[in-house]
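Just so you know, these numbers use all the heavy atoms, side chains as well, and skip hydrogens, waters and symmetry mates. Below, chains carry the letters A, B, ... as their sequence lines are ordered, and counting in each starts from 1.
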Amino acid sequence: MSEQKPAWMEMGLSSEEYAKICDILGREPNYLETGLFAVLWSEHCSYKHSRPVLKNFPTEGKYVIQGPGENAGVVDIGDGQALVFKVESHNHPSAVEPYEGAATGVGGVARDIFTMGARPIAALNSLRFGSLEDPRVRHLFSGVVEGIGGYGNRLGTPVVGGDIFFHPSYQGNPLVNAMCVGLVDHKRIVRGLAAGPGNLVVAAGAKTGRDGIHGCTFASEEFSEETEAPDVQRGDPFLESLLIEACLELMEKGYVVGIQDMGAAGLTSSSAEMAGRAGTGIEIDVSLVPQRDEGMTPYEVMLSESQERMLLVIEPQHRQVVMDIFAKWGVEAAVVGRVTEDGIYRVLDGEIVVAEIPVKALTDSPVRYPEQREPEYYQRLRNWKPDDLPVPEDLNSVLLKLLSSPNIASKEWVYIQYDHQVMLNTIVGPGADAAVLRIKGTKKGIAMTTDGNPRYCYLDPSRGGAIAVAEAARNLSCVGAEPLALTDGLNFGNPEKPEIFWQIKQVVEGMSEACRSLEIPVVSGNVSLYNETKGEAIYPSPVVGMVGLLPDVKRCTTSAFKDSGDLVVLLGKFHPQLGASEYLAVIHGLEQGEVPEIDLAEEKQVQLCCRELIREGKIKSAHDCAEGGLAVAIAECCIPGQRGATINLPFAGREDALLFGEVQSCILVTCTPRELDSVLKTAEKAGVTAAVLGETGGRHLIIRDRAERALINQHIEEMEKVWRGSIASYF
Amino acid sequence: MKFGVVFFPGANAADCFYVIDQLIGHPVSPIQPEERELDGFDCIVLPGGFSYGDYLRAGALAAATPVIEQIADFAEQGGLVLGIGNGFQILLNTGLLPGAMRKNESLRFRCHDVFLRVENSRTPFTNRYHQGEVIKYPIAHGEGNYYIDSEGLAQLEQNGQVVFRYCNEQGEVIPAANPDGSVRNIAGICNVKGNVLGLMPHPERCSEEILGNTQGLRLFLSVLDWWGIHTQEGVMTDE
Amino acid sequence: MFEAAVYVTLKKGILDPEGKAIKNSLKSQGYDQVEEVTTGKYFLLKIKERDRTAAEEELRQICEKFLVNMVLEDYSFELREVDR
Amino acid sequence: MFEAAVYVTLKKGILDPEGKAIKNSLKSQGYDQVEEVTTGKYFLLKIKERDRTAAEEELRQICEKFLVNMVLEDYSFELREVDR
Ligand SMILES: Nc1ncnc2c1ncn2[C@@H]1O[C@H](COP(=O)(O)OP(=O)(O)O)[C@@H](O)[C@H]1O
Ligand SMILES: [Mg+2]
C-alpha cells in the first residue's frame, strides 16, 4: 500500500483548515468530527470560494420576504400570498446516472420549497449538454429528460418551463439545474430553525441508507467492510408526495417549530444549519435514526445522502400527534435528538458521545479568496471583427439551418415528456417565452422562466451575466409579467484556477449590475463548481430563474401571430451584432467577437413599455429577439401562429447581420392597424424606439431589405418541419 | 345526486374535485382508499395521476385497496364510475373494464392535446356530445397503450363499448393520430351496461375557459343530464 | 422460510416494443447475432411459511391476483427453502 | 444457437421503492407472510453463435453495455444451447 494520507486530507480539508479545527477544539478531531467539518466546510455546503463574490448580489426589494440564507427565497404576490422558489444543481449525479441523478435533483429542490411551508406548484429545469451527435450525450440527455419527467410527473407538480443549451464544453459534464416554485400564505411560512432548547428533533421520510456518502468525501477507509457504498441515490417520488402532504399538514396545524430537508451532507448539514440559524445547540443520537442498511457506523448515518428525508423540530407535548399524522400518511418518523442551549453540536451513539463541536465552528466556515486572472482568450476573441466574413448567398437555407440548430429548434421532444397541466393552473405552458400560471381564487397570474447564454458568458462574462438577467426579465415582460425576483444557479469550473475565478467574479458582477438596474433582487440560489472533465472547464454557466407577477392573468400574451393583417412592430433600438451569435457558430463554425451590447436603462424602458401594452390590451403578441436574431424571432412567431408575414426591413447593414445578428433589448409585437398609433404613442412616452416592420398573413415568411429585395422567402410548413423535428431526429 | 372522488395517494384527485366542486358546482366528497363502506354516492370518479407511484404497473396497487371492492359492488348495482387516465388503468386492473394497459409504443410519457372521435354518445358520460363528433382533449400518460385480445375487441366493437377513439382534426381514425399504440386507436371504453367509463385523455383539464378549452366540461355535465339535472343553479352552461 | 423467484414475460403473440427496440439497438451496434430479445420482470419474494404446498399456493394467488397482469403476461416461478 | 436468460436486480444498498410498495400492498391485502419483495428485470435473448465461450463473452458485453445499468444494477445469466 502506498503512503497513507491522513483522513482530513483525504476528505478534502487543507492543512490550514485542519490546523484551525484543532485550534477551535483545543485537540485533534476524531474521525467522525473530521468528517463533519469536511462536509460542512466543503464548497457545496459552505460556499467558501463563492461567498465573498455572492455578496455582490442585491438581495432586498419591495417584494422580498425572505432573501438568501434559508432553504429558498420568498417574495410577496399580494393578497397575503407569497411565492417560494429556488434553483438547485444536480450536475455530477446526472453525469453518473442520468435518470436518477435528474430525478433526485427534482425531488431535492421540491423539498427546499415545501420545507418553507409552501406547496410546490411548478417546476422548471435548465439543461446544458454536449453535442447530440455524440451517442453518450444522447444517452445522458434522454435519461435526464426521462428522470425529470419520471419524478416530476409522479409528484403531481407541473413542469412548465426551462431552457436548454448544447455546446461541446458540456460533453463530459452536463448541467442539470432544477427549479421549483411554491405557493404559501404569508402566515404559514416556516423557517429552518432549531429553536427552543428542550424541543425534539424528528427525522421523517425514508430510512437512512449508505447511499451517497461518496458524494461528500473520498474517505472510504472507515466504511464497514462488506460495503461499497453506492455513489448514486435512487429517488422515491411516491414517498416524496406523501412527505409533502404530511409536512404541509403538520405545518398548517402549527406543530412545526423548524424544518429542513436533508440534502447534501444529509443529517449533518440540516441539523447543524438549523441550530446555527437559531443560535442553539443540538444533540443527535444516531442509534435512534431509522436505518435501511445493517451495521451502519455513526459516520455513515451522519453523512448519508439518502433521498426523501426531512428533519423537524417540534415541541415535546406534540410528539404523539406529530407521529400520528406521519403514520396517517404512511411516513416513517422517529425522534432522533433534541435542541439544547449550550451551542454544542453533539452526536451520540446511544449513551456514548461520538462527536462534540461548537455549532458556530461548523457553520462559520473559513472563506477562501482565490486568485483571479483575466484569461488569455478574452481579449483575443473579443477583438475579432466580422469584416472578412463572407455573406452567404442562400439566406433561406441559412434560416432553415438555424431553425434546426438544437439551441434554437423547438424543445417539444423534451417537454411533451413532462406533465405540464396537472393542478389546472397552466395558462401558458412550456414552449413560450415564459410560463404563466393562474393563482386559483384570484385574478392574478405568475410567470416564470430560466435563462442564460453560456457562449455570451464565455466571451464576455460580465456582459453575459447582465444579459442573462435582462433576458429572463424580458421573457417575463413578453408575457406581460412584472419581474419580482430571481434565483440563480452558478455553474463553473475549478475556482482554484485564477481564470475560472475571474469568470465567476465577472459573471456575478454583471448579473448584480443588471439586478440593480432592473430592480430585481436575488433571493436564493445555488453554486456548482469544479465542473470540469480532464482539466477542461465548462463554459461559465450562470442560470437565472426568475418569477414575475401579472395583476390580471387574462391579460397575458404569447409569441404566436394571432391574426392576419396585423402589423409587426419592433420595440427597441436595432443594432444587431454578429459576434457571439448562434449564426456565427452554426454557419461559420466560429465562437468569437463582441457580445451584443446592452444598455440596461433602455432595457428597462422597453420592458416597461411591453408590459404596459399588454396590460392595456393593445398588442396581440410579443416575443423577444434572442439567439438567431430577427429572422429567427419572426419565424418563431409565424410557426405557432400558423401564419406568415411580410417584412420590409427599414435598416441598413450586411444582410446576414440584419437577419441573424443578435441584439439585446428588442421585442417584436403585433397589433391591429387601428391600434398602431396608440402603440407608437405608448412607446414614445416610454422613450422607446418603435419601428413598423410589416404585416402578418399568408403562408410564407418574406423578409425584404431596404431595396425591396427578398432576402427570405420561406413557407411556414418548411420552417416548422425543421424546427419541430430537429431534436426528435436524434432519437 | 352526489359525486365522490377517490383520493389515492399519488393521484391528482384535487383536479377532478375542483372541477365538480367549483366549475359545475355540484356536491362532491372525497373517498379514502381504505373506505369499506360507500353511502349515498351516485357517481364515483377515479382520478388521473400516479396512484402509489404507479409502482409495479400503472394502477395495480390502487386496484388492490379496500375501496375497490366497494366500487365494484357500486358498479354492479348500476352506479356510475368514471376512471380518467390512472383511473382507467385502475379499472382495467380490477377487471371492471376488459383489457390491459401497456407502455406507450414510443416508450415515453406524452403530454399534449389529441383529437377524439365520440363513438358512443348514448352513455351517461357522453350524452352531451354528438355521435361522431370530433373533440380536443389533452393526454398525459406513459402507459396508455390499450390492449385487448381479438375476441375481446370484437365484443367491444359489437356492443358499442368503444366510446372514444384517437383521430386527426378531420375525425379520421388513422395510425398517425394514435399517440400511444392503442388497438384500433381506442382512447376510452365502457362496460356492457355503460355505467363504467374509462378513458386516458383528461376531460378535467379542458373544462374551463381560462385554460383555453372547455370541451371536457360536457362530460361532467352529461352525468348531470343523465340524472335529469339540466340547468341547475350554479351549473355552468355549455358553450 | 421460502425464497421465490418469479419470472414474468409477455404472452405469446403480444408485441414487445421494448424488446424490439433493444434488439434494433444491439444490431446497430454490431451485435447482429442476437436474433430475439424478450423483456420481462423478475421478482424475488421471501415468504415465511413452513410448508411448501402452502407457500406455493400463496405465491400462485399473489401472482395471479396481483403481481402479474394476466391479460398480458405469463409467469413461472421457482420456490426454494432457505434458512432465513 | 443459444438461449440466454438474464436476471437483473438492484445493487445492494440501492433503494427499491417498488419492492417496498409491493410488499406493503401485499401486507394490506392480508399476505403478511411475505417478508421482502425485490424487483428486477428479466430478459430472454436468442443468440446465433456456435461456440459457448463466444456466446458467453458476447452476452456479457451486451449486458454491461446495454441491458444492465451497471451503476445501479447487478446481473447474472444462464446460457443454454437450443436447436433453434
Ligand atoms: N448563487 C447564490 N446566490 C444567492 N443565494 C445563494 C446562492 N447559492 C446559494 N444561495 C443560498 O444559500 C443558501 C444555501 O443554499 P444551498 O446550500 O444550496 O441549499 P441546500 O442546503 O438546500 O442545498 C440558500 O438560502 C440559497 O438560496
Ligand atoms: Mg435546503
Tell me whether K20(D) at atom NZ has more than 12 heavy atoms from other residues, nucleotides or ligands lying less than 6.0 Å away.
yes
May I ask you to check whether Y7(C) and Y42(C) place their ring centres under 6.0 Å from each other?
yes
E35(D) and K23(D): CA distance, side-chain angles, deciding distance, salt bridge (charged side-chain N to carboxylate O under 4.0 Å, His left out) verdict:
CA-CA 7 Å; E35(D) 296 234 314; K23(D) 194 197 126 190; over 6 Å; no
Given side-chain contact (heavy atoms from CB on, under 4.5 Å), test F2(C) with K46(C) step by step and report yes or no.
CA-CA 6 Å; F2(C) 288 86; K46(C) 288 220 173 108; over 6 Å; no
Between E49(D), E58(D), Q29(D), which has the largest tally of heavy atom pairs under 4.5 Å with chain C?
E58(D)
Under 4.5 Å from any heavy atom of chain C, what part of E18(D) do you find: side chain, backbone, both or neither?
neither
R60(C) bridged to E64(C) by N-O distance under 4.0 Å:
no
Heavy-atom proximity to chain C below 4.5 Å, by part of F66(D)
side chain
Using heavy-atom distances under 4.5 Å, tell me whether L67(D) contacts chain C through its side chain, its backbone, both, or neither.
side chain
Side chains of D16(D) and T39(D): do they bring a donor and an acceptor to under 3.5 Å?
yes
Proximal component of V6(D), with respect to chain C [non-hydrogen, under 4.5 Å]
neither
Side chain from CB out, backbone as N, CA, C, O: work out which of these in I47(C) comes under 4.5 Å of a heavy atom of chain D, or both, or neither.
both
Quick one: what part of K65(D) sits under 4.5 Å from any heavy atom of chain C, side chain, backbone, both or neither?
side chain
